[in-house]
Every structure is written in C-alpha cells, then in structure tokens.
There are 4 protein chains.
Amino acid sequence: MASNAPRTADPAIGESKDALLRLFHDVRGLSVALVAPLSDADASAQSMPDASPAKWHLAHTTWFLEAFVLEGIGHYQPFDARYAFLFNSYYEAKGARLARDARGLLTRPALGAILEWRAHVDAAVARLIDDLPADRRVLVELGCHHEMQHQELLITDMLDLLGRNPLEPALYPVRTGSRPRSTPGWTAHAGGIVRIGHDGDGFAFDCEGPAHDVLLRPFNLSDTLVSNADWADFIADNGYAKAGLWLSDGWAWRQREGIEAPAHWQPEDGWWSSFGLSGRQPLDPQAPVTHISYYEADAYASWAGARLPTEAEWEAAAAGHDASAGNQLDRAGPVAPLGSASLFGDCWQWTASAYLPYPGFRIAEGAVGEFNFKFMSGQMVLRGASCATPRGSARATTRNFFYPHQRWQFTGLRLARDDA
Amino acid sequence: MASNAPRTADPAIGESKDALLRLFHDVRGLSVALVAPLSDADASAQSMPDASPAKWHLAHTTWFLEAFVLEGIGHYQPFDARYAFLFNSYYEAKGARLARDARGLLTRPALGAILEWRAHVDAAVARLIDDLPADRRVLVELGCHHEMQHQELLITDMLDLLGRNPLEPALYPVRTGSRPRSTPGWTAHAGGIVRIGHDGDGFAFDCEGPAHDVLLRPFNLSDTLVSNADWADFIADNGYAKAGLWLSDGWAWRQREGIEAPAHWQPEDGWWSSFGLSGRQPLDPQAPVTHISYYEADAYASWAGARLPTEAEWEAAAAGHDASAGNQLDRAGPVAPLGSASLFGDCWQWTASAYLPYPGFRIAEGAVGEFNFKFMSGQMVLRGASCATPRGSARATTRNFFYPHQRWQFTGLRLARDDA
Amino acid sequence: MASNAPRTADPAIGESKDALLRLFHDVRGLSVALVAPLSDADASAQSMPDASPAKWHLAHTTWFLEAFVLEGIGHYQPFDARYAFLFNSYYEAKGARLARDARGLLTRPALGAILEWRAHVDAAVARLIDDLPADRRVLVELGCHHEMQHQELLITDMLDLLGRNPLEPALYPVRTGSRPRSTPGWTAHAGGIVRIGHDGDGFAFDCEGPAHDVLLRPFNLSDTLVSNADWADFIADNGYAKAGLWLSDGWAWRQREGIEAPAHWQPEDGWWSSFGLSGRQPLDPQAPVTHISYYEADAYASWAGARLPTEAEWEAAAAGHDASAGNQLDRAGPVAPLGSASLFGDCWQWTASAYLPYPGFRIAEGAVGEFNFKFMSGQMVLRGASCATPRGSARATTRNFFYPHQRWQFTGLRLARDDA
Amino acid sequence: MASNAPRTADPAIGESKDALLRLFHDVRGLSVALVAPLSDADASAQSMPDASPAKWHLAHTTWFLEAFVLEGIGHYQPFDARYAFLFNSYYEAKGARLARDARGLLTRPALGAILEWRAHVDAAVARLIDDLPADRRVLVELGCHHEMQHQELLITDMLDLLGRNPLEPALYPVRTGSRPRSTPGWTAHAGGIVRIGHDGDGFAFDCEGPAHDVLLRPFNLSDTLVSNADWADFIADNGYAKAGLWLSDGWAWRQREGIEAPAHWQPEDGWWSSFGLSGRQPLDPQAPVTHISYYEADAYASWAGARLPTEAEWEAAAAGHDASAGNQLDRAGPVAPLGSASLFGDCWQWTASAYLPYPGFRIAEGAVGEFNFKFMSGQMVLRGASCATPRGSARATTRNFFYPHQRWQFTGLRLARDDA
C-alpha cells in the first residue's frame, strides 16, 4: 500500500489539539522504537526496488511533515534543504527526486542524522501547533496515518532484507502465547443492497469513500483464514504444478521465478520452517499462511473449489467486527500471528477486487491528491490488517493494495463461496 | 482479446445443421479472403510478442477444429501430426507448444500449405457434420466465433507489422463514403438496479454471463466517441506532459516508451497523419481517435473533467442499440471508421472496469474451459466493436480485454460523468 | 565476420575489365543461386539480432554497389531511393538506417522485388564499367569480396533460422562422398621470426595487413581438427560441468544459456544427431566438430591439456597450404564437412588471439574505412575457412572474427601446444 | 583487476619470517586505516554489481587467509564457519557462495564484527607463522599482495558509491601540494627484440610471466599522460559525437549510456568539476584525465592522430623507471593525482592489448590457480599504477585488466605512435 489522501478527520482530533499532539507523539515515537534493533547499515540497505530502507521510511515521513505541514509556517526552516530531493517519494508536484531504486545508496545522511532531523521536526510541530490553520492540522493527522502505513512497510521491508541474508538474523524476539484455536466454518450472508465505504465518521483515506450501496448476491465467508496446514496440503497435492488452477499471468510468473511455496518457506524434517521477524522457526500448522501472492491465493481458491471474496463481500461481513481486536504492531515490534479467526490483525487478505475508484470518487486537490488515484491500475485490493499493522490503523473500510505478484507483506487469504 | 469459451448456443444453429454449416463456411471463407492481399512473407512475420503472424491465425483456428471438433470422429486423420505443437496457443491441457514469441520463425509450413490444411479440415467438417454429437456441434459454433476473434487479431496484427515497415505498405484500398456527422451530447441514465450479462439467448462466450443485477448510480454517457480533433486538443494542451493527469503505471510507461501521441500518428503540415489499413493518410478530425492505451484514455478523461464508464454503465446504456449497425469487417477488409456516434463498429472503448469474473461465474469443464478465466488478471474491459470486428460478432454483452498499455487494436474511448 | 575494407587489389583484375566483370557475374550469380531453395517467407525472416534475413543479404550487397560504385556515375538512377535506409548495415557516414533487429519485419519489398533490383544494378555495372574511374573499379572488386562474405552469412543465418523451426526443414540435399580419413598427429614449427599478414599480392581486406614480422616460440599444431568423437568424449567426461576448465565469462554464459553441447546437437540412440543444411542427421564421429563458441573451444583445449594456437602460429603453419583445396560453397550450396585434416574448408578455427589491428595498421579513408577497425573490440580471431565459405575467398591471411559466445557459424578448433 | 596467483616470492621474504610478518602487519593495518572514515552503512553498501562493499573487501581478504593459509594449521578454528559462503569471491573449488550482486544485502555481520574477525585471524597468523610450511608462507605473501589489490578496489568502490549519493560526501581530506609541471614530448624507442614479463626476481602474480621476448617496431611513447585540458579539447571538438572515431561496441555503449564526458565530470562556470575522494572539486587542467573507459581512450587516440601503446611497448619503455616513485595510497588515503609525467602513481593507462596469457603461461595448481587465467577473456590490459594503488604494489610488469566499458577505476591514457 502506498500512502493515501485523507477523506475525513477524526472528530475527537478535529476538536482538540491535545488529542492531535498525543496521536502525533505516539506515532512518531513508535517509528523510532521500531528501529531500535537496527544498525546503521540495516537501516540503510534496500533489498529490492519495491522496498525502501528503514532509514528512508523514517526520513520520508519526516519530509512529509516539512513539505505539507511546516512549510511557510512561523519562521520554520527546513533542517536540510537537500533532503527534499532525497526523501520525496512520488509527488510530482513537489519536484524532482531520487530514483526509487537508488534509495539504498544513501549511506549518508546516517541513521543518527535522520533521528536528529526527526527531533527537530517533532519539536517544530509541537511548538507551532497553535499557529497551524485548520487545513494544516488535518495534514498533521494525515501525516500520522501516513506514517502508520510506513511503519508497516518499514517492518516488511526489513523482513525482506534480513530474509535475503544467509545468516537470517532475527529482528525482534519471539513472542509466544496461547490463543484459542479457531473452529472452521462458514458464515452466510444474505446479500442484497449493502452500504460500504467510509461514511465520514473518523479518519479515513480518500479511496475508502464515498460510502455507497452495492448489490450483493447471497454468499458464505469462511470463519477462518487459510492455514499453513491447508497450504501444505495444496503443495502436497501438486497445486503449484497444475496449470489449470492458475491464472495465465500467474503461471508465467510462477515458472519465471521458480515459485513452489510461499516466500521464506523451506522444507525441514518432513515439515516446513519459515523465516520471520524472529528468525527461522518451524511453521505453526494452525497459523494463517502468509507471504503469498494474489496468483497463489487465486490458485489455492480454485483448488479448494471456492473463490476469493470481493472487497464488498468482505466489508459487508466485517460490519460489526472490532478492527482493533487483533494482535498488532506495538513498541516491541509486531506480534507473530498465532490464530486464524480474526478478520483483523493476522494477515491482509487478498480479495477478488481490482483497486479502482468507488462510484463518485473525486481526486483531492493539490499535491496530497496524488496520494491515491494514481495507483488505481493493475493492483488488487487486500482487506483486514496484519500483525505488522499499527494498532488503531485498522478499519473495516481500509483498502490495501498490491500488485498480484507481490508477496513480501503479510498476505494471506480467506475463502468465499456462492450460496449453494 | 483472447478466445472465449461459449456460454450458450444460438438456438437457430442448435436446431439446424444447415444453419451451422452456413455459418461455418461463411466464417472460414472470410479468413481466407482476408489474407488475399498478403504475400507468404507478410503472412509469416510476427511484429512483436503480443501479435501473431497472419498464417498462424489461419492455422491456429484450424488446429482448434482438429483438436476440439474432429479428433476421434469417424476415421478423421490429422493433416499433419506435427502441427499441434506449432499451432496450439495456450491450452495447457492440449500439450506442449511453441513459445509464443517464436511464431514468426515458422517460415514453413508455407502459407499455401496452411491453406491446403484448411481445405482438408473444412471438407472433413462438412463430411462429418452428421456424425457429430451435439456437444461437438456446439464446438463447431464455438470454433466459428473463436475464428471471428482471430479475424480481428489477424487484421490488427498485420496493421502492426506493416506499420513497422518504413515503406508503410497499404493492406486494403481506401473506402470512402459519407456518413452523417454526429452531434455531441450526453445521454442521461437514471441508474438503479439493472440487469447485465448474457441471458442465454443466442451465442455468447462464457465470460459474458451469468446475467445478473447491478446497482448503478445515475450517470451520463457521451453520445459520441472522443474524436481525433478532441485528441489533438489534448496534445496541444500538453496533456502528455502533465504528470498529475496520469496513473502512476501509465506515467512510467509513457516515459519509458517516449509516448507523445496515439500509435501511428505523425505531425504533418500543422495537422496529423496516421498509418492505417490503407497506408498513411491525413487524419479525419471528426473520426474517433483509435490506437490509444488505457493509460492514455484515463488521462484524457481526467483532463476533460470526466471519467471512463464502467462496463455495467456502458452495457446499460447499450440496451436497445443494434450491435450490427456499425461499419464492420467484410470480405474486402475492414471499413475505415468515419463517424463517431455508434456504440458499435467504430472502435473498442476502454472502460473503467477490470476484466474479472461476473458474480456466479463458473469455469467450463475441460480444455475449452481454459478459454477465459485464466486471462482475468491485469486486463481492462473494452466494450463495443471496431471496424475490424466481423459482422455478427458484436454483441452488447461482449467483453473484450487488453492490458492497459496495449494499443495495437482499434481502441478509443467514450466519456462518462456522474449525474450533476 | 563483418565486411572488410580492401587493402590491395588482385593484379589480374587491376589490369583487365573482363576479369573484373567475370568475377562480378560469378559472385552475383552465386548469391541468386543460393536462395533458389528459399521461399519469400524463408528469405524474409530474421532468426535473432545477430543474423539477417537472406533477402537482406541480397539487398545489402546490392545497396553497397549503388552507394559506393554507381552513385554519381553516368546517369545512374537508384532503383528505389528508399532502399538506402533499409539496407545500409552500419555505415554511419552513409546516413540513418533501420535498426538491426528490425530487419525481419521487412516483408516488403518482396524477394522478387529484390531480385529485380539486383538485375537492374548488375546491368548498370556491366554498362558503366568503362566509365568507372580506377578507384571505383577497385570498389567493384571489393563489392565482390564483400558479397562473398555475405554469402557465407546468408547460409549460416538461414541455418540458424531453420534450426529454430521444430519441423527442421532441409535447405540443400545431402552430398555424400568419400574422403580419406585423416591421421592424427602434430606438426612441429621451429618458431623464430616469421612474417605474417598480407603482402599486397592479390586481393585482401585491409585488416590482413600490413605484413609484419612476429617472433614465435617453437610450437606444435595438430594435423587434424577436433572431431565430433573427440567432443563426445569431452561431454562424457563432464567437461561442461567442470568449472575449473572454463573462462569466467564462459562459465557464466554456459550457466545462463544452459549450454551442454554444441549448437544443434541432440542425443539420439546413444549417440548424437545434429541439424545441418540437409536437416537432422546422425553425426559423423570423424567429422570436425562445429557450432561451438570460443568459450567451449578454450575449455576443450584446457581439458585436452593443450591450448588454442595464436593467429600468428596458425598463419605460420598454413604457409604453403593451398587455401582453395577444401570443400567449399558452390552453386548447389555448401558441401558438408567430411574430413578433418585440411586447414581450409571444413570449419573456421578459433584462435587464442583477440581481433586487434596489426602493427602499422592505418584506417582507410572514407566510408569504406568504417569496414574494419570499428569491430576491433571484444572479438576473437578465427582462421581457415568453412564449408560455407565461397571458393576463392579463403586465404592464409584471412582474419575472421566473432564474439566469444557466438556459435551459429561453422566454428571448430585445432589444438596447439608448446614445444616440450 | 581481480586477484592474481603468485609467480615467485620476494627473496627477502622467502628467507625471513620477520620480513614476512612485517609486510603482513603493514598490509593488514593499512586496510583497517582505510575504512576509518566509513560508517557501518558506508562500509556495507554495494553501488553496482561490479563493485563490492568496503566491508566485503575487509572480509574477503580475511577469508582468503583462513581458507588458504590457516585451514588445518595447528588447532586453528575458523572464526565463524558461515563466513566462507558469504565472503568467497569466485573460487569454484572452495564451494558455493553468495551471488556477487547480493553483497550489499549483508548488513550483518556488522563492520565491527568483521574487524573482530580480522584481529582473530591476524593473531592466528602471527601465532602460527612458525608452524607454517614453506608453501603456506608463500601464500601469506600472496595474501598480502591480494589484499593490496583489494585496497585499491575498496577505495574505488567507495568512490563509486559516494559519487551516486546526491550529497557527494568527501571520503578523505584534500591533499594539496606543488609538483613540477611536466613537459610534453615523445620518447623514441628503437624497437627490436625486447624481453618483457616477470623474470622471477621478487614477488609477481602469475599472469606477469613467463618472461619472454617480443619483437617490436620502432615507436614513440608520450612523456605525459593525456590531461584534463586535453580531454576538454576533445569534448569541445565534439569528439563524443563523431561516430567515425569510435569502435562499434564503444559507440553503442556511448549511446545506450548517454556518455558525454568522463565519469563524475560536470560543467561548472565554463569549465569542469569532478567528484573525487575529497568531494566535488574544480578539475586541475594539468592533471591526468581519469575515469575513462577503453572506448573513450581509443576514440581520443584516433582523434589525436595517435594510438594506444601495446602492453609490450609500455613495458619496454618503462624499463629503468622506478615503480615506487609515484604518489600512492598510504594510511591517510590516496593522494590526489597532481602531475602527469610519471609512468606510475597517477593513473592506470589503457593499452591496445587484450588480457591474454603470455607465451608459455601455465595455470597454477589448485584453487589459487583460478586466480588469473579465468579472466583472460574480453578484458583489456592497463599498465602503470594509480593514486589508489598501495605503495610497493606497483611493478613494471603488473598487468591490470578491466572490461572496455568500465571506468570506475582511476583510468587514463598515454599516447603512442609509430615511428615516422
């Protein structure tokens, strides 16, 4: 998921600068906490063009505040005028910038220098909050949610980097704990006209609205996510070798890349291990499968005689669920996924829906409007939230999106089927 | 568009072998007529991996009949057992096949040999029609519609080939004629619950169904296609250089490929010429723009303050229009597009919808079922029909599909907008 | 080998226009004879960027005559002014030209049109020969030798094309015949100061001179070429899998391309077959191995405890041998290699020498001077001549050159070793 | 230059373990001194596949000692058994290893950990020196020379990395100082039979021998290197745009890469600046041009009406010059090139010779023998030494080698011409 433009602000925050500052300090502090286990070198490396260095995430979210919130306010001086070129991501309206795949060459400024910059900007926001006009305060809130998105990317980009190191270093300690096992089953939904999308109550990114009615046929949604044990069955049944299960693009991708299992999986003693945030560990058969592409998710669903839900079905089914109930990112890093029942907090779930604008969607004015619409091509929607999603960032209306071949996020699936 | 699996058969054909044979001979004959202006070399060359040689289209549609209709019927003997490897397109279930991008290396069998093979197969179908079980007769009808799709590809692939030759040879003579100019305007649609998709009356490919209800908001659809004059205005206003109008993938494509106008356009004496089936000609300002990508169509719509219609909107608006009214492919080649009002026959129109299965869609059994679902990834739907679409092949429910960067077909656009 | 600039003219030709015209007609006629078995499609296809269509060779050699010999002579009118763009190869000084890898898209002009052009130019040369100044007559001779080089490329490019066709069509009938088997052995050379390079007596390309002294150590040169049987031993001994035998670039090439045998080889009934000008045939164990890269030749030599000869060693050893003694290209196509003893006529032999200028080499003036020096980078010298080399084109001083990975020519090797 | 196998040992070292240990400590200490200005991130990044991280050079040279010197000696235990996979460069015989272009992903082990490993190994060599058999002691000496080569690469790889950072950080302070300006002129050499190559007196890599006679024609070698001022004249005369000056491969490279000046050059105030080890500085017109490819060197020589010397000519002319006279790498980093007269110490000089084995060359036994011969393909020889070459590493016989397009080293040129 790239960053998103805000649709509406949280009313609590709209009314209170204190609430806004509290959110701001929480979010900004969490980013710094997340990089605590990283060396300067860890934080500077870019594992692939799709990913960014951890340091870059820290810097880009800070540049966002300078460029959209602080610029021209009071007598604010940018910390270093050269940083805009280095840490703008894709805002054409904000000028030229470093090529995306060259981010890993920025060994300078060092991690320490970026942390100094962050402190400079944080202090300025705290100092100037009373001078900010309302539209800038909205941008502070947006900056926080934007940074939460980058917190998740920071985690997954680091995971990708460390997973390419033959030493397979662990980033965070293992957190264990018992969670009740989930019981497989299907929940029926009667279909009909259902309202989805964000209705303007609390913060959301602009692509989550406008709220609108959709017409659904009756369907069933699985109560559980597809588990590692399920996936091992798919592998054992030669699912990766049966061309008839695969989308044409997916089959070509699979052959070109030599894909035969989810990312990070390795056979070990008759079962499988996987590399995760705590290093290489045997896979928990009951935990949800993660690090699969849309192509794999779709092939699995065909194999299972089911299908992926549309995003409207998913959202209709999620109505009433508590988005903050799942295990999610906090200051000691993400919690490893342990169960498979929650709609939120275990993994993002590929849907059958392409990432396209909702009916009535309008592009926001100004550079912030580049946020969303420009990514509405070639990507598929994921719903839910993963163990790497910050607490408070998950919503029933959130539309995450990735290209169908990408799988360095915590991506899994939940099956749907037509009403018999 | 790739080939599609049939959903339902035309009832007239279902009842009458004569009607089926008549269709068969008409379609088979048209293919041969279309290659009359081609040399053996013309018919053997492949201009790019997305395209195929004309000879290959002639051969592949013939292989289809051997593999799906004639195999095992009577004492039918394949004309040449080696051809299956050469002319299978993508049916994994039908065995190994030549790499797609190597089709242009098949200088043998020669065009003449392929025409002999066609005669052999045509005679066998005529001879064995009484022996065919009903499910095979359906496949004859399917083979005809499959071949109609390849007739359009044959034309557009040849156009692409000849357009890469600096000599710019003309394929068919210019056909001129007066058509009433169309009057710009918008037709309002009230929205609400609308039924779209093929309802089982007459032939359709399987992806066109099942028929189902969709919920639409009120919208307006332009009465005319975007014209060459409109497009020249977009260029003159620097539309190709304004990053803010473009999808992110589209902008990257535009920069990488150096795109600054529709395919085949060249500035000439203060206006534009374009290469078409009759060679290079000055552009008719009133004719619909063609040979544009989805990215260009989408950027244009943003520039015009409008949007592309969804496929459901387009189909709702097309209800009641006569799909066979437009100027379309016949034995003397396609008619050049001259007007811009018809929904059918001028050009395929990019929609805002990704090519994905309709609710309730089920994959057909057997190899023929590979037809459709496997392409439901990464492509956008186009509606209507172009001047290169065979008469009788256009339907209001037809879902054509291409990748967003492709533009060697006769692709254009028609604007939509929300109800004010 | 690309084309080469002339160093000196054949004195017989310098004195007699008749001799020149005889050479001209012989060479021009042979090219036409060579394409007799080809269809228009065969002659138009380009199998890979390194190769050119047969039709292109016919056209390019004709363009050469128009551009260098006929231009501005008498009232000569170019046959078609547009052809210069299409059929210039790489002469920067002669203006813009078609991208090399787009030659296979020129389905027009057809083979027949090119043959007409040839007749037009041939007649003009015959008609204007008396009007030609001496420096142009030299260019007629050069054009003939240039065309002989393209005759060999025409053959090998066609072989490459047909070898990629799963039907493996034969180009010329098999020619069988008995040749005395050769007896393995080594011929010693005493070394010392040896004169190599062309001394100005008869035609040569400019890179063959100036003649100059080199200092050689005593060495031995094998009396025979490495045979198919030898090569099968190398394969059986896992020569392709022993990294220690290979140059670093060669090993990377081998792995990337999955090379495990010479081009066109396939295992068949416990032995090997190969595709050649007469289709797929069992390999003659005693015939010289062909279609190997420099990397393979070098690895084989290491495996055999020997080395490749330098070009100076090869030329020193060739002194006194009759360059026209081998089996070579004539009007019925090339003769299949049957023996392994001759220095000329079986295959080109990779040497250990990079293709670089001889001491004292100077670039010829004018566009013709682009001929040679510009290819003196990254290529290795081959000596001898192959079955596809026209009679009369082989010289002891000829320096053929290809990149180390290329193997679509008739390339083999002859071992050398230091004097014990 | 990759690493090289030793031909002969320095006799002083052969006789004295003290001398060997002194060399060892000097070399090992210099490597550590060179990385003093680097952060962990600086030392871990890889700027391009041709380059390696500084940390990798520190580690690889240490692995070399473990693998070739210490393995199996006394009770030596490798510091970390996993490092062999990470830090083997290309020794097939020493087992599998990390892909070259993935070296920049090794953010762990950190720079500090590598320095600990170095201390562990250094202590072991000092402790075990008395237990080492003579052939291992030779390998200690080889390891020192191998490490000197990597010291130069460490410098140039860091320069490449920092040059890609828009902040252009300086690595070492500017060292200024006056050097006498050099006087242009030519030194004649009479040619004849000349002995080149290493004769076994003192250390040399194996490719430097055997010493052998070559026959040279009379030639002149320029007394000075081509200077920045000279190169600016070449640019001003459109040398980069004149196709006729360029090798065919070079012209294609130039166009593909958009090359219009040496690496790091930027126009500034009517003159040029360049990025170097001390950041961006105005170019000294009298200093030798550096960071040019072979293609550029060759084109310049053509433009100047001269040529590059062969390596034999260069070595013949160098006889009697003091290889240690130039300004070279020491503990405070390399000295910036200030003059242009010395054969050694300013820059490596492209020659007209391909990197190929000398007559009589034999591959050394064992894994160390992979050193040299495997790179004898596609590369050109450079002679001399640069400001980044360690003191004591320059020899008149040294053969450095790079691919013709590479220019991240301190590469320049010195002209030669035939005797008039």
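Throughout, protein chains are lettered first and strands after them, A, B, ... in sequence-line order, and every chain is numbered starting at 1.
Within 6.0 Å of CD on Glu260(A) lie no more than 12 heavy atoms contributed by other residues, nucleotides or ligands.
Contact check for Arg362(A) versus Asp418(B): side-chain heavy atoms found under the 4.5 Å cut-off. Residues Ile193(A) and Ile193(B) form a side-chain contact, since some pair of their non-hydrogen atoms from C-beta on lies under 4.5 Å apart. Counting only heavy atoms from C-beta outward, the side chains of Asp298(A) and Met376(B) never approach each other to under 4.5 Å.
The CZ atom of Phe361(A) sits 12.5 Å away from atom CZ of Arg307(B), with the distance rounded to the nearest 0.5 Å. Of the inter-residue distances, the one linking Gln379(B) atom CD with Asp249(A) atom CG reads 6.5 Å to the nearest 0.5 angstrom. Between the CG atom in Leu216(A) and the CG atom in Asp213(B) there is a gap of 12.0 Å [rounded to 0.5 Å].
In this structure Tyr295(B) satisfies the ring-ring contact (aromatic ring centres under 6.0 Å, His included) test together with Trp253(B), sequence neighbours excluded.
Looking at Trp246(B), the atoms closer than 4.5 Å to chain A (heavy atoms on both sides) all sit in the backbone: N, CA, C or O.
Between chain B and the options Pro359(A), Gly378(A), Ala354(A), the largest number of non-hydrogen pairs under 4.5 Å is found for Pro359(A).
Considering all non-hydrogen atoms of both residues, Arg217(A) and Gly360(B) come closest at NH2-CA, 3.6 Å. Nearest heavy atoms, Leu247(B) versus Ser377(A): CD1-CB, 3.8 Å.
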